[in-house]
Amino acid sequence: MIARASQLFLPTLRDDPADAEAVSHKLLVRGGFIRQVAGGLWTFMPLGWRVHRKVEQIVREELDAFGSQEMLMPVLTPAELWEATGRISIPELFRLKDRAGRDYVLPLTHEETVAFHGREIQSYKDLPQIWYHFQTKDRDEPRPRGGLLRLREFIMKDAYSFDRDEAGLDQSFRKHSVAYARIFERCGIEAHEVAAESGMMGGSGSRDFLAPSGSGENTLVTCENGDYAADLEIALGRPSPPDFPEELAEPQAVETPGQRTIEGVSQFLGIDPRATAKAMPVVADGRLVLALVRGDDRLNEMKLLEALGEDFRPAEQEEIRQAFGASGGSIGPVGASAEVIADEALREGQYVVGANRDDVHLRGVQAGRDYEPRFADLREIREGDACPECGGHLHLQVAIEVGHIFKLETQYSAPLGATFLDEDGSEKVLVMGSYGIGPARIMAAAVEQNHDEQGIVWPRSITPYDVHVVALPGVEEQAAAAAQELDAAGADVLLDDRDQRAGEKFADADLIGCPLRVTVGKKTLDDGAVDVRDRESGEEGRVPIGELRGVV
RNA sequence: CGGGACGUAGCGCAGCCUGGUUAGCGCGCCUGCUUUGGGAGCAGGAGGCCGGCGGUUCGAAUCCGCCCGUCCCGACCA
């Protein structure tokens with residue numbers, strides 16, 4: 001088909017929107033793909049919707065390929081279903097009433113509804129079943145952000161599997177994992193499958209698909225040797241070993257006037273910051289606890305929370321002075337009148353720590369000898385940590401979660417009474433899995449991963465149009481002829497027939513980012529050939545109009 | 001929900017601190033002429049409850065209070 005730019009609703013912007021941070025946010029708005037209606041609520045304009053539908057179609061094909069069945073479940077959902085599973089109390093859930101006062105919810109996902117339908121499955125002979133739909137999800141997000149990165153309303157492809165048992169679930173899970181890898185590859189984005197937290201979905205296992213990106217809410221940890229990938233929140237990594245100074249038979253006090261930071265202390269003493277330890281005093285349940293991590297590490301508060309088993313807050317100046325007799329920058333574990341929890345990295349070796357006297361530190365302090373800590377994993381994984389598989393360097397990247405798959409087991413089918421009769425005549429609860437993909441996030445990831453200074457560089461598979469034909473003044477007929485040639489070859493063509501200057505049209509073409517640009521201009525009048533330019537490489541060549549179908 | 005920033009024309013911004021007549025600039029938009037292979041030039045023009053409400057004042061875009069909205073960091077997050 002041929003779309004004429006002169007008639008399209010395609011408002012491109014010269015400047016970045018003032019409230020945009022993420023590249024995908026800026027470029028999708030500037031390119032006329034999306035517009036914001038309110039916080040977290042976005043309209044897909046004609047071009048944006050074309051991309052969304054192309055992503056959907058790829059997802060659809062890959063799911064259908066292994067026997068998944070597309071259907072459509074309603075958004076408006078009776079609250080009873082959510083009361084049954086207890087998810088009615090999730091804060092993000094939108095609730096509403098009809099005129100008769102009946103309660104409804106706008107689903108976060110459709111587990112309840114799909115389990116409701118699962119009740120119609122009677123026999124093991126009907127299993128397995130895999131159902132999916134593309135449907136609107138609403139979430140009362142506390143903080144939408146980044147254009148399409150976190151929305152309050154969005155379309156999700158959510159799929160659900162029903163199996164007889166664990167083994168069946170494993171297979172359904174595996175099939176999705178394989179299909180997802182194909183989907184992301186076909187969409188032209190890099191995504192890594194990693195172990196993930198199950199969050200509110202519950203269940204026995206879940207895996208994330210993370211697409212590295214300039215902006216995102218997750219952090220992907222990968223090994224340089226390609227044998228390890230994980231979400232930062234659960235990643236394992238070993239700190240690089242410190243250059244320890246000479247061992248000491250016992251701790252030795254040294255004056256460190258004015259040195260309150262790890263940087264300052266290690267520079268002043270001329271030692272590796274990795275051979276120091278820093279102490280974070282916190283108050284949990286009214287008692288003081290000293291959390292100890294290596295000087296170059298950061299304390300992961302989630303991990304400390306887990307280690308403590310209860311909520312905590314940072315200790316205040318006054319509490320610190322009272323308990324340690326020194327201020328925050330000079331405290332340490334030796335002789336401290338508080339419980340000490342030390343990071344695993346501090347098990348071996350001698351470290352420099354605060355002496356609990358202002359402007360004094362202790363050299364050669366050794367866990368187990370000079371103080372008795374409880375050890376726990378407290379440190380945040382960092383760039384350059386050693387891979388738990390091979391010891392290679394770990395690399396951290398900001399990433400977008402583009403897909404997430406869960407083993408739900410019977411968490412939803414049991415409360416909703418979705419059972420079947422097994423081969424032996426016994427009634428069993430259906431074993432479920434759920435599998436989500438966000439097409440809008442794939443769009444965002446595709447832009448994050450494929451753009452340059454001028455604009456978007458769409459992967460061919462999800463581009464709004466295959467070819468962007470720029471018609472320059474005086475050769476309108478030849479431009480239309482070129483567009484028709486391309487159309488005849490099966491390409492979707494955007495024909496820029498607007499009454500604009502060449503520079504403006506070129507700039508818009510670069511911004512919008514179709515893979516091929518065909519320029520029809522003066523030279524065309526001479527020899528009947530047009531300029532064909534590859535958006536990604538910038539390579540340009542002349543092709544006779546009659547031979548254009550060969551380029552697509 | 002905690003911290004921060006912002007809200008003035010379709011978009012990007014100045015003006016506000018130090019109140020004072022018709023509220024400015026760039027881009028875009030409309031009309032005409034000239035231009036036309038990388039965001040043209042000239043001339044003319046349209047477009048604003050200065051986020052909302054209340055207060056102070058002779059007078060408020062400007063000062064004060066409350067509210068709403070948007071973005072960023074954190075918390076949270078399928």
Side-chain angles (χ1 to χ4, degrees), chain A residues 11-22 25-26 29-30 32 35-42 85 87 90-93 107-112 137-147 149-152 154 156-160 196-203 206-209 215-218 231 233 301-302 305 311 313 401-408 411-412 433-438 441 453-455 470-476 479 496 498-511 517-526 530-531 533 538 540 542:
Chain A
T12 55
L13 267 34
R14 190 188 288 237
D15 299 315
D16 284 336
D19 52 10
E21 196 88 356
H25 183 179
K26 290 176 183 172
V29 170
R30 281 187 56 206
R35 284 293 185 269
Q36 184 167 30
V37 176
L41 300 176
W42 290 77
T85 59
R87 290 213 296 172
I90 293 177
E92 281 76 19
L93 186 65
L108 314 171
T109 53
H110 279 74
E111 275 78 9
E112 281 80 359
K137 310 296 173 199
D138 289 278
R139 298 179 182 183
D140 192 357
E141 292 288 351
R143 188 183 159 199
R145 71 188 91 184
L149 294 183
R150 177 164 293 270
L151 298 166
R152 302 180 82 202
F154 62 99
M156 173 188 263
K157 182 289 294 176
D158 40 327
Y160 304 90
E197 290 191 320
S198 293
M200 287 197 269
M201 293 293 298
S206 91
R207 297 183 67 80
D208 258 339
F209 291 81
S215 301
E217 301 184 304
N218 295 69
D231 188 295
E233 295 192 344
E301 296 190 0
M302 293 302 291
L305 187 66
D311 208 3
R313 62 170 173 84
E401 180 188 336
V402 288
H404 203 157
I405 59 180
F406 300 87
K407 290 185 178 178
L408 300 174
Q411 185 169 341
Y412 294 86
S434 84
Y435 316 90
I437 282 185
R441 281 189 172 175
E453 285 297 304
Q454 302 353 294
V470 172
L472 296 178
V475 288
E476 287 77 11
D496 191 348
R498 295 174 304 166
D499 183 19
Q500 299 286 354
R501 303 182 64 80
E504 203 161 334
K505 293 189 177 194
F506 289 143
D508 273 350
D510 290 343
L511 175 61
R517 185 185 84 192
V518 170
T519 305
V520 185
K522 274 200 306 272
K523 299 181 206 163
T524 312
L525 288 170
D526 302 334
V530 296
D531 298 304
R533 181 187 173 100
E540 192 157 18
R542 290 199 50 85

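No hydrogens, no waters, no symmetry mates; every other heavy atom, side chains included, goes into these values. All chains are named by letter (A, B, ...) in the order of the sequence lines, taking the proteins before the strands, and each is independently numbered beginning at 1.
At the heavy-atom level, A:Ala20 lies nowhere under 4.0 Å from the strands shown. Using a 4.0 Å heavy-atom distance criterion, A:Arg35 is classed as making no nucleic acid contact. Counting any heavy atom pair closer than 4.0 Å across all strands shown, A:Ala18 reaches sugar-phosphate atoms only and no base atom. Here A:Gly438 lies out of heavy-atom contact (under 4.0 Å) with every strand. If you check every strand for non-hydrogen atoms under 4.0 Å, A:Arg517 touches a base. Looking at heavy-atom distances under 4.0 Å, A:Gly436 makes no contact with the nucleic acid at all. Within the 4.0 angstrom heavy-atom criterion, base atoms lie near A:Asp508. Counting non-hydrogen atoms under 4.0 angstrom, A:Lys137 reaches nothing in the nucleic acid.
The side chain of A:Glu233 sits closest to B:C77 out of B:C77, B:U70, B:G37. Considering only the side chain of A:Asp510, B:G38 comes nearest among B:G38, B:A78, B:C29. If you check B:G38, B:G37, B:A78 against the side chain of A:Phe406, the one that comes closest is B:A78. For A:Asp15, counting side-chain heavy atoms from C-beta on, the closest listed nucleotide (B:G12, B:G38, B:C77) is B:G12. When distances run from any side-chain atom of A:Arg145 to the nucleotides B:C71, B:C77, B:A75, the shortest one goes to B:A75.
In this entry B:A43 has B:U31 as its Watson-Crick or G-U wobble partner, both defining distances falling under 3.5 Å. Base pairing of B:C16 is not made with any nucleotide, judged by Watson-Crick or G-U wobble geometry with both donor-acceptor distances under 3.5 Å. Across all strands shown, B:U36 forms no Watson-Crick or G-U wobble pair with both distances under 3.5 Å. Across all strands shown, B:C1 forms a Watson-Crick or G-U wobble pair, both distances under 3.5 Å, with B:G74. In this entry B:C49 has no Watson-Crick or G-U wobble partner, no candidate having both defining distances under 3.5 Å. When both pairing distances are held under 3.5 Å, B:C63 makes a Watson-Crick or G-U pair with B:G55. Pairing of B:A9, defined by two Watson-Crick or G-U wobble distances under 3.5 Å, is not identified with any nucleotide.
B:G54 and B:A46 have their P atoms separated by 32 Å, given to the nearest Å. The gap from the C1' atom of B:C13 to that of B:G48 amounts to 15 Å, rounded to the nearest Å. Separation of the C1' atoms belonging to B:G37 and B:C72 is 42 Å when rounded to the nearest angstrom. Rounded to a whole angstrom, the distance from the C1' atom of B:U8 to that of B:G52 is 14 Å. Look at the C1' atom in both B:C30 and B:A9: the space between them is 15 Å, to the nearest Å. Comparing B:C49 with B:G44, their P atoms sit 26 Å apart, to the nearest whole Å. Distance noted for atom P between B:C27 and B:C73: 33 Å (whole Å). On the C1' atoms, B:A14 is 14 Å away from B:U62, given to the nearest whole Å.
Distance, A:Asp499 CG to B:C29 C1': 14 Å, rounded to whole Å. In this entry the distance linking CG of A:Leu13 with C1' of B:G28 reads 9 Å, nearest Å. Distance CG (A:Leu472) to P (B:G37): 8 Å, rounded to an integer number of Å. When rounded to the nearest whole Å, the span between CD of A:Glu21 and P of B:C6 equals 15 Å. Rounding to whole angstrom units, CE of residue A:Met156 and P of B:C77 are separated by 16 Å. A:Gln36 has its CD atom 17 Å from the P atom of B:G10, to the nearest Å. A straight line from CG of A:Leu305 to P of B:A75 spans 12 Å, rounded to a whole angstrom. The CZ atom of A:Arg501 sits 9 Å away from the C1' atom of B:G39 (whole-angstrom rounding).
For A:Asp138 and A:Arg152, the salt-bridge test fails: no basic side-chain N is under 4.0 Å from an acidic carboxylate O. In summary, A:Arg498 and A:Glu504 do not engage in a salt bridge, as defined by a charged side-chain N under 4.0 Å from a carboxylate O.
Taking the side chain as every heavy atom from C-beta outward, A:Phe506 and A:Thr519 approach each other to under 4.5 Å.
Between A:Asp208 and A:Gln454, the residue anchored nearer the 5' end of RNA chain B, judged by the nucleotide with its closest heavy atom, is A:Gln454. Along RNA chain B, the nucleotide closest to A:Lys523 and the one closest to A:Gly146 are compared, and the more 5′ of them pairs with A:Lys523.
Checked against A:Val518 for a side chain to side chain contact (heavy atoms under 4.5 Å, CB included), the options A:Val470, A:Asp496, A:Val530 give a single hit: A:Val530. For the side chain to side chain contact (heavy atoms under 4.5 Å, CB included) criterion with A:Gln36, the lone passing option out of A:Leu41, A:Asp19, A:Val29 is A:Asp19. Considering A:Asp508, A:Asp15, A:Asp16 as possible partners of A:Arg30, the one that fulfils the salt bridge (Lys or Arg N to Asp or Glu O under 4.0 Å) test is A:Asp16.
A donor-acceptor contact shorter than 3.5 Å is absent between the side chain of A:Arg517 and the backbone of A:Arg533.
One finds a side-chain N or O of A:Arg14 lying less than 4.0 angstrom from the OP1 or OP2 phosphate oxygen of B:G28. Put simply, A:Arg143 has no side-chain N or O that comes within less than 4.0 Å of OP1 or OP2 on B:C71.
A:Asp531 contributes a side-chain N or O that forms a donor-acceptor pair with the base of B:G37 under 3.5 Å.
Using a 3.5 Å distance cut-off with no hydrogens or angles, the side chains of A:Asp158 and A:Thr109 do not pair a donor with an acceptor.
The structure places CG of A:Leu525 at 12.5 Å from NZ of A:Lys523, a figure rounded to the nearest 0.5 Å.
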